[in-house]
Amino acid sequence: MTQAHPTRTAPEDLLHRLTHLRVNRSSGGPALYKPVALLWAMGRARCGAERLLSWAGTERELGEALAAAGMPARPHYPVASLRQDGLWSLPGQEDVPTAHGDPRPWFAERQPVGGPTEEVYDLFRDSAVARLAVQEQLLELYFAERDPAPLLARLGLPYAGAEAAAEPDPLDLQWPEARPGDPEPWLVTAAEYEQGCRLLELTEERRHGERSPAGGSRPVRSSAARLLVLGRSAGRCENPECGGHPAELTDRGLPLLEVDHVRDLTLGGRDHPGQMVALCPNCHAVKTRGRSRERLRALLLGVAEERHRQMRTGK
């Protein structure tokens, strides 16, 4: 069983383990067993399914997901391996075999009820930011040469696709069923903001400089980071000199805000909320091509840093 890292908090250790899986690479590329199992569990949590499932249900559903990803339908392998990693639970079972060898006879005989651990399930169910951030990392690490769209559609997980002409709206990705008058789903708590930032920072060095497989020259941008900024803004333009944030909302009742990197990623900026702001379309246009854009950029960098500090410290 994987032990917690002595210098990380429990949530930080969990996020690190979810995005630093040990996978078999003997065939040249990463085996997708464990990433697919986690994405399957994520989809179940997102739709409110029970955490634990019978082995017959797991064998059927996870087997189908693995087959959809082009892998042999062997759900016993990722379940046994993720349990060894401390990310999967098989209550009442003490002599679970490892993924090495052939654990199929044990699963066939015991028919264990199982699912992700409570902490993994709660993270996937309760935090749209963490869920999206973990999903992005799994796709970047293990699906670089594959199209994940059919699998994610099957699992009920949002995906804009690398071929999208513009950056996907994280609100549309996470709340496709939102309707005017619904509670504001983009708001995030200070704890969720902190947790999301920790995950982004854990993977920031690895993500820095990555390019979109489709766009070639376009840097990869995190939708989770954009979602954090939108939540921090509470649906209002973060430019203190804003001449009037449009009261108009989208057809789905979402705020007319655009998340911007104050320091361009191609010039060394960070894909991190500490250097990002939520702007109304007018302020975004001024910051991008207005005569006063250089002065406004300097102002907005200070705003981003201060809003970020306030959200993380509560002061």
Side-chain angles (χ1 to χ4, degrees), residues 1-2 10-11 13-24 30-93 96 98-99 103 107 110-143 146 148-159 173-174 192 195-196 199 203 224:
M1 186 77 68
T2 300
D13 183 70
L14 173 61
L15 294 170
H16 183 274
R17 285 185 287 133
L18 285 168
T19 54
H20 292 73
L21 299 172
R22 293 174 299 175
V23 300
N24 189 308
L32 299 181
Y33 289 106
K34 292 201 283 189
V36 170
L38 288 175
L39 290 170
W40 170 70
M42 186 184 296
R44 285 178 49 81
R46 183 174 186 258
C47 73
E50 294 291 332
R51 179 175 72 90
L52 300 178
L53 184 64
S54 68
W55 179 245
T58 298
E59 193 171 28
R60 181 183 65 257
E61 292 186 17
L62 180 51
E64 291 173 353
L66 289 167
M71 300 295 294
R74 299 172 182 169
H76 55 280
Y77 172 75
V79 168
S81 188
L82 287 170
R83 183 185 181 277
Q84 192 172 9
D85 294 341
L87 300 172
W88 208 267
S89 174
L90 298 173
Q93 306 292 339
V96 182
T98 68
F107 280 91
R110 296 296 183 88
Q111 294 290 304
V113 172
T117 62
E118 289 187 23
E119 59 179 354
V120 170
Y121 177 82
D122 291 347
L123 184 76
F124 288 166
R125 179 193 62 192
D126 299 335
S127 175
V129 171
R131 187 171 61 236
L132 183 56
V134 171
Q135 175 182 316
E136 287 181 339
Q137 288 306 300
L138 292 176
L139 296 185
E140 289 177 17
L141 286 169
Y142 306 111
F143 288 82
R146 304 170 187 251
L151 173 65
L152 296 180
R154 183 185 191 92
L155 300 179
L157 293 172
Y159 181 62
L173 287 180
Q174 288 300 319
E192 188 174 21
Q195 187 180 70
L199 178 54
T203 59

Closest non-hydrogen contact found for Pro78 with Leu66 is CG-CD1, 4.4 Å

Inset, instruction - Go through the steps for Leu87 and Leu21 under the test side-chain contact (heavy atoms from CB on, under 4.5 Å), then give the verdict. - result: CA-CA 10 Å; Leu87 300 172; Leu21 299 172; 3.9 Å; yes

The reported gap from CD in Glu59 to CD in Glu64 (rounded to nearest 0.5 angstrom) is 11.0 Å

Steps toward salt bridge (charged side-chain N to carboxylate O under 4.0 Å, His left out) verdict (Arg22, Asp85):
CA-CA 9 Å; Arg22 293 174 299 175; Asp85 294 341; 2.6 Å; yes

Between Pro103 and Ala99 the two heavy atoms that sit nearest each other are CD-O, 4.2 Å

In short, ring-ring contact (aromatic ring centres under 6.0 Å, His included) pairs touching residues 34-76 with sequence neighbours left out are Trp55-Phe107

| task | Evaluate the criterion side-chain contact (heavy atoms from CB on, under 4.5 Å) for residue pair Met42 and Arg46; output intermediate values, then yes/no. | result | CA-CA 6 Å; Met42 186 184 296; Arg46 183 174 186 258; 5.6 Å; no

Determine, step by step, whether Leu199 and Leu18 satisfy the side-chain contact (heavy atoms from CB on, under 4.5 Å) criterion, reporting the C-alpha distance in whole Å, the side-chain angles of both residues, the deciding distance to 0.1 Å, and the verdict.
CA-CA 10 Å; Leu199 178 54; Leu18 285 168; over 6 Å; no

Verdict with reasoning, Leu82 to Tyr33, per side-chain contact (heavy atoms from CB on, under 4.5 Å) | CA-CA 10 Å; Leu82 287 170; Tyr33 289 106; over 6 Å; no

In this structure, are over 12 heavy atoms from other groups packed under 6.0 Å from Gln111 atom CD? yes

Nearest heavy-atom approach of Ala69 to Arg146 is O-NH1, 3.5 Å

Taken to the nearest 0.5 Å, the spacing of Arg60 CZ from Leu53 CG works out to 7.0 Å

Show me the donor-acceptor pairs, under 3.5 Å and distance only, between side chains in residues 120-129 and residues at least two apart or in other chains.
unit_1	atom_1	unit_2	atom_2	d
Tyr121	OH	Ala49	O	2.5
Asp122	OD1	Arg125	NH2	3.1
Ser127	OG	Ala130	N	3.0
Ser127	OG	Glu192	OE2	3.0

Report yes or no: does Arg44 contribute a side-chain atom to a donor-acceptor pair with the main-chain N or O of Glu50 at less than 3.5 Å? yes

Closest non-hydrogen contact found for Ala224 with Leu132 is N-CD2, 3.8 Å

Value for OG (Ser54) from CD (Glu61), rounded to nearest 0.5 Å, stands at 8.5 Å

query = Are Leu139 and Leu152 side-chain neighbours, meaning at least one heavy-atom pair lies under 4.5 Å?
reply = yes

Heavy-atom nearest pair, Ala65 first then Arg154, reads N-NE, 4.4 Å

### Query
Under 3.5 Å, side chain of Gln135 to main-chain N/O of Pro158, donor-acceptor pair present?
yes

Between Trp88 and Gly114, the two heavy atoms sitting closest are NE1-C, 4.1 Å

- Task: Using a 4.5 Å cut-off on heavy atoms from C-beta on, say whether the side chain of Gln93 contacts that of Arg83.
- Result: no

